[in-house]
Amino acid sequence: MLAVLMVAVILWGVGDVIYIIYDRLITPPFLLLNINDIFYTFGAFMAVLIAVEIFINIRLYLGTNVFPVQLVVATALMAIARKVIVLDFDTLTPMYLIGIAATTLALGITYWLLRQGNQYHDWDD
């Protein structure tokens with residue numbers, strides 16, 4: 001049921017991206033996007049990609065009963081990258097920026113450590 005719902009979310013997200021691009025392009029000045037429109041569109045694209053990653057996580061877990069930790073961390077890195085792309089610097093506080101930086105650093109180190117562990121694990125086989 002989760003996988004079916006996730007497919008619906010992905011399709012809804014793709015429709016949202018199409019609508020956002022259409023809406024931005026028909027708003028005067030026609031067929032032109034400003035930088036905020038581009039960042040908003042990137043954010044919508046990234047949201048769809050994150051939904052696809054979550055769907056893959058669900059499928060992998062249900063198919064193998066193994067929790068894909070590295071894939072979950074990679075999905076979290078993608079989500080934090082989306083957050084960084086759509087940050088509104090006018091309302092940003094220094095503590096919020098420090099929190100985003102710390103989260104990104106922690107996820108990056110975690111991903112790197114997981115990759116290193118998998119590299120050595122492959123040599124044991």
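A quick note: this is a predicted structure, and the numbers were derived from the prediction, not measured.
- For the atom pair N57 CG and F67 CZ, the distance stands at 7.5 Å (nearest 0.5 Å).
- Of all the heavy atoms in A81 and M46, the pair that sits closest is CB-CE, 4.1 Å.
- A distance of 5.5 Å separates CG of L114 from CD of Q70, quoted to the nearest 0.5 Å.
- When every heavy atom of A44 is checked against every heavy atom of I20, the shortest pair comes out as CB-CD1, 3.7 Å.
- Using a 4.5 Å cut-off on side-chain heavy atoms (C-beta onward), F55 and L60 make no contact.
- Using a 4.5 Å heavy-atom cutoff, the side chains of F39 and I85 are in contact.
- Summarising the geometry of G108 relative to L77, their closest heavy-atom pair is N-CD2, 3.9 Å, with the distance given to 0.1 Å.
- Between the R82 side chain and the G43 main chain, a donor and an acceptor come within less than 3.5 Å of each other.
- No side-chain heavy atom of L49 sits less than 4.5 Å from a side-chain heavy atom of E53.
- Summarising the geometry, atom CG belonging to L105 is positioned 13.0 Å from atom CD1 belonging to I100; distances are rounded to the nearest 0.5 Å.
- Between N36 and Y40 the shortest side-chain heavy-atom distance does not fall below 4.5 Å.
- In terms of hydrophobic clustering, with Ile, Leu, Val, Met, Phe, Trp and Tyr side chains grouped at heavy-atom distances under 4.5 Å, L71 and W112 are assigned to different clusters.
- Taken together through direct or relayed side-chain contacts under 4.5 Å among Ile, Leu, Val, Met, Phe, Trp and Tyr, I21 and I35 form part of one hydrophobic cluster.
- Note: L25 CG to L32 CG = 8.5 Å, rounded to the nearest 0.5 Å.
- Summarising the geometry, atom CG belonging to D23 is positioned 9.0 Å from atom CG belonging to D37; distances are rounded to the nearest 0.5 Å.
- Residues L113 and V73 do not share a hydrophobic cluster, clusters being chains of Ile/Leu/Val/Met/Phe/Trp/Tyr side chains in contact below 4.5 Å.
- Under the 4.5 Å side-chain heavy-atom criterion for Ile, Leu, Val, Met, Phe, Trp and Tyr, L11 and M1 are members of distinct hydrophobic clusters.
- Atom CH2 of W12 is separated from atom CG of D16 by 9.0 Å, given to the nearest 0.5 angstrom.
- Taking both residues in full, the closest heavy atoms of I10 and V52 are given as CD1-CA, 3.8 Å, listed atom of the first, atom of the second, then distance.
- Under the side-chain contact (heavy atoms from CB on, under 4.5 Å) rule, I58 has a single partner from L2, L5, V7, which is L2.
- The cluster map of Ile, Leu, Val, Met, Phe, Trp and Tyr, joined by side-chain heavy atoms under 4.5 Å apart, puts Y19 and V48 in different clusters.
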